[in-house]
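In what follows, a structure is listed as structure tokens, so that the remarks can point back to it.
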Number of protein chains: 4
Amino acid sequence: MPKVGMEPVRRQALISAVIDAIHERGLSHVTMGEIARRAGVSAGLAHHYFGNKDQLLLATMRHLLSELGDEIQQRLAGAETARERIRAIVAGNFSACQFRPAVISAWLAFYVEAQTDAEAHRLLRIYQRRLESNLLHALQELVSRNQAVDIAEMAAALIDGLWIRRSLAGEQPDPESAVAVVETAIFGAISRYHA
Amino acid sequence: MPKVGMEPVRRQALISAVIDAIHERGLSHVTMGEIARRAGVSAGLAHHYFGNKDQLLLATMRHLLSELGDEIQQRLAGAETARERIRAIVAGNFSACQFRPAVISAWLAFYVEAQTDAEAHRLLRIYQRRLESNLLHALQELVSRNQAVDIAEMAAALIDGLWIRRSLAGEQPDPESAVAVVETAIFGAISRYHA
Amino acid sequence: MPKVGMEPVRRQALISAVIDAIHERGLSHVTMGEIARRAGVSAGLAHHYFGNKDQLLLATMRHLLSELGDEIQQRLAGAETARERIRAIVAGNFSACQFRPAVISAWLAFYVEAQTDAEAHRLLRIYQRRLESNLLHALQELVSRNQAVDIAEMAAALIDGLWIRRSLAGEQPDPESAVAVVETAIFGAISRYHA
Amino acid sequence: MPKVGMEPVRRQALISAVIDAIHERGLSHVTMGEIARRAGVSAGLAHHYFGNKDQLLLATMRHLLSELGDEIQQRLAGAETARERIRAIVAGNFSACQFRPAVISAWLAFYVEAQTDAEAHRLLRIYQRRLESNLLHALQELVSRNQAVDIAEMAAALIDGLWIRRSLAGEQPDPESAVAVVETAIFGAISRYHA
DNA sequence: AATGAATGAGTTTTCATTCAT
DNA sequence: GATGAATGAAAACTCATTCAT
């Protein structure tokens with residue numbers, strides 16, 4: 001039953017299937033066959049649209065990165081003060097659509113993949129630099145440049161660390177408390193410098 | 001030319017080979033053949049000693065966990081005050097033998113594997129609980145129990161986050177500055193509660 | 001935008017695409033998708049017109065055979081003496097439209113295909129018999145029947161051999177010198193028998 | 001039942017299987033599975049020893065080229081006069097072990113493969129150049145350099161052409177008459193130049 | 001103890017072909 | 001008439017694992 005205009009639908013279904021499959025089986029055990037089955041299409045179609053497994057995986061990673069970017073950008077748009085911008089960045093990183101178990105699993109998997117895969121590495125670095133740069137700009141309005149650098153690094157590491165630990169804990173992820181931990185650490189550090 | 005008493009040597013060589021192979025190829029691309037080649041033995045021997053690939057991987061993970069445990073235990077032995085114990089735990093996590101690029105890669109890989117592999121998950125949780133428990137005990141001498149729980153979580157996440165980010169940065173890992181970041185965050189939080 | 005009367009145009013475009021594709025990728029690597037792409041149509045249309053891949057390939061072969069036949073027939077029409085008829089046959093085999101690199105590649109590929117494909121074999125044998133029979137008739141006016149048979153075989157082999165070698169040489173094919181080599185061999189053999 | 005020292009045996013069996021499979025199915029229809037089956041081993045083993053299909057095919061081609069080279073070299077060793085050397089080269093090209101139907105099919109297939117495969121092309125050109133060079137040296141003792149060049153080209157083309165036509169004819173190949181045709185053409189041409 | 005030979009199951013990938021639109 | 005969606009079967013290739021030696 002071929003219909004026209006199905007390409008974007010199938011692409012999205014396949015990317016979602018990748019995320020779910022990684023969550024349940026782990027990236028190293030995911031097969032094209034399983035992804036296709038979850039997406040309700042044949043393995044051939046997955047290749048037809050993405051060329052090969054690596055490309056499909058990278059497309060999924062790009063999807064996640066872009067979703068996260070949008071999430072943060074949206075929140076930044078409504079932020080006026082430096083404190084609000086910092087909150088926007090932190091909250092964006094733990095936004096509902098990103099902090100779902102399956103998405104967390106996929107993120108982690110790609111994080112690790114980026115250790116050895118050049119393209120995955122490149123994609124992740126771009127996101128990381130942007131995150132740090134955003135944080136840095138906001139922080140520099142509150143503390144000196146050197147202090148901002150230190151706090152930004154700490155905050156970025158804390159965000160990643162909370163992600164990884166919450167995911168491993170297996171409990172229902174709790175975005176709000178995660179946000180609170182990071183904000184406490186950031187604003188605590190800022191007030192320390194101000195004292 | 002089989003020699004007697006080679007077993008521990010071979011086992012260690014294979015475990016080291018796993019770590020290096022994960023670092024260079026990524027866990028999902030590591031094969032028994034490559035591990036064996038790196039260890040300078042035949043693939044058959046790897047099976048002879050470890051039974052199968054999963055067991056070899058888990059043995060490697062156990063090796064890393066035990067090494068980290070020893071590292072922290074050693075430092076704790078010489079620590080007398082609560083502050084010193086906290087410093088011992090943090091420093092142990094970034095000790096030279098652990099904070100090598102190849103070891104970091106392997107840790108990350110196992111972290112992710114633990115998402116979907118029951119035994120890996122169990123091993124990792126044991127280590128995490130011990131780490132948190134150690135931290136908690138030390139912190140409770142300085143702050144209230146509730147405050148200690150919050151700080152311990154933050155500290156643990158920060159340690160993991162620094163690991164993961166430093167590894168991805170590709171630069172030579174710098175244990176001392178990592179330790180400094182974590183200690184600053186911990187003692188900053190403590191002093192905040194005291195104020 | 002389907003147009004009426006496009007069928008012969010599409011068919012010819014597909015056949016030309018087959019020849020070019022064989023030249024650039026080799027028959028064993030040619031796919032329907034690539035042929036269709038080169039012809040500027042969808043893969044579905046290629047099937048619509050030719051039924052399946054084998055039929056399209058055979059249609060291409062028939063096209064080449066018929067083109068070669070026409071080429072020779074045209075030249076034979078203007079030939080009066082036996083020597084002229086021999087020259088017509090030889091020259092026809094190296095005529096410009098046949099001795100193009102892409103066409104040579106396709107010919108060779110079909111030659112080989114004919115080893116194992118019954119229909120291709122049949123088509124090629126028809127052409128070969130006609131070529132030999134034409135040559136034989138002309139030669140028999142100049143030498144005895146037995147001598148004519150020998151010379152015809154030699155000439156036919158020489159034609160094929162020059163084709164195959166020129167094609168592999170990769171140089172710009174030079175029909176005239178090829179013709180000269182064959183004619184020298186034929187007329188040399190004839191004069192030898194006459195001596 | 002693994003035995004040591006099987007590698008050369010398996011390699012040879014696989015190469016022979018390639019030749020037979022090409023003869024019966026045609027290069028474009030040959031699969032690794034069929035080759036392995038004919039060789040009496042698993043498809044995995046074929047990959048184990050040759051890496052991939054292309055490499056196995058090229059190894060087969062190298063095998064044929066080297067066998068042909070040996071055949072000619074042997075005959076050349078016993079030749080003293082220029083005429084004998086020419087006969088050695090021609091006879092070597094139609095030697096029993098080369099002029100078997102299956103071997104002929106394989107040769108043709110590789111000839112065509114060389115049109116589009118760089119490595120196959122390289123291998124074939126080396127053989128062709130050596131053949132022409134050998135012929136040229138022998139011929140230059142009997143005729144002028146220019147005449148030798150012409151005769152060598154004609155002879156080489158005739159050899160290839162006879163191969164291709166005899167193979168297509170499907171009859172039992174007849175080395176002796178093929179040799180006779182080539183020698184008649186060569187020595188006829190020489191005597192023509194001498195006249 | 002140790003190896004290399006060998007396999008078979010599983011995975012990716014390709015591609016001719018079909019079919020609704 | 002023409003397309004793009006979709007499939008399924010077949011092919012290449014990988015690799016953990018077994019086993020005779």
Side-chain angles (χ1 to χ4, degrees), chain A residues 1-7 9-10 29-36 39-56, chain B residues 1-7 9-10 29-36 40-57, chain C residues 1-7 9-10 29-36 40-57, chain D residues 1-7 9-10 29-36 39-56:
Chain A
M1 345 60 200
K3 290 183 206 153
V4 290
M6 290 303 282
E7 176 158 348
V9 178
R10 298 305 190 199
H29 300 112
V30 167
T31 69
M32 288 297 271
E34 186 184 2
I35 293 165
V41 299
S42 69
L45 198 67
H47 283 94
H48 180 64
Y49 282 130
F50 291 94
N52 61 32
K53 191 179 176 179
D54 277 0
Q55 292 302 312
L56 171 52
Chain B
M1 331 77 193
K3 293 183 200 151
V4 290
M6 289 302 282
E7 176 157 348
V9 179
R10 298 300 195 202
H29 299 112
V30 168
T31 68
M32 287 297 271
E34 187 184 0
I35 292 166
V41 300
S42 70
L45 198 65
H47 280 91
H48 181 66
Y49 281 134
F50 290 93
N52 60 31
K53 190 180 177 178
D54 277 357
Q55 291 304 313
L56 171 52
L57 258 25
Chain C
M1 333 78 187
K3 293 185 198 146
V4 290
M6 289 302 282
E7 175 157 348
V9 179
R10 300 298 196 201
H29 299 112
V30 167
T31 68
M32 288 298 271
E34 187 185 0
I35 293 166
V41 300
S42 70
L45 198 66
H47 280 91
H48 181 66
Y49 280 136
F50 291 94
N52 61 32
K53 190 180 178 180
D54 277 359
Q55 292 304 312
L56 171 52
L57 259 23
Chain D
M1 340 69 194
K3 289 181 204 151
V4 291
M6 291 303 282
E7 177 159 345
V9 179
R10 298 304 189 201
H29 300 112
V30 167
T31 68
M32 288 298 270
E34 186 184 1
I35 293 166
V41 299
S42 69
L45 199 66
H47 282 96
H48 179 65
Y49 282 131
F50 290 95
N52 62 31
K53 192 179 174 178
D54 277 0
Q55 292 303 312
L56 171 52

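So that the names make sense, note that chain A is the first sequence line, chain B the second, and so on, each numbered from 1. Remember, predicted model here, so these are calculated numbers, not experimental data.
Taking five base pairs at each end of the helix from E:dA2-F:dT21 to E:dT21-F:dA2 and finding the rotation axis that steps the C1' atoms of four pairs onto the next four gives two axes whose angle is 10°, to the nearest 10°.
In this structure, A:V30 and A:K53 approach most closely via the heavy-atom pair O-NZ, 2.7 Å.
Here the CG-CD1 distance, from D:L56 to D:I35, works out to 5.0 Å after rounding to the nearest 0.5 Å. Taking NE2 of C:H29 as the start and CD of C:E34 as the end, the distance is 11.0 Å to the nearest 0.5 Å.
Taking atom CZ on C:F50 and atom C1' on E:dT18, their separation rounds to 19 Å, with Å as the unit. C:I35 places its CD1 atom 8 Å from the P atom of E:dA16, with the value rounded to the nearest Å. Atom CG in B:L56 sits roughly 16 Å away from atom P in F:dC15 (whole-Å rounding). The nearest whole Å value for the distance from the CG atom in C:D54 to the C1' atom in E:dT17 is 13 Å.
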Base-contact (B) and sugar-phosphate-only (S) positions in nucleotides 7-12 of chain E, heavy-atom cut-off under 4.0 Å, - elsewhere: BB--SS
For residues 43-51 of chain A, run the donor-acceptor check on the side chains, cut-off 3.5 Å, and write out each pair with its distance to 0.1 Å, sequence neighbours left out.
residue, atom, partner, partner atom, Å
A:H47, ND1, A:A43, O, 3.2

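Looking at heavy-atom distances under 4.0 Å, D:Y49 makes contact with sugar-phosphate atoms alone, never a base.
Qualifying side-chain contact (heavy atoms from CB on, under 4.5 Å) partners for C:N52, counting only residues two or more places apart in sequence or in other chains: C:D54, C:Q55.
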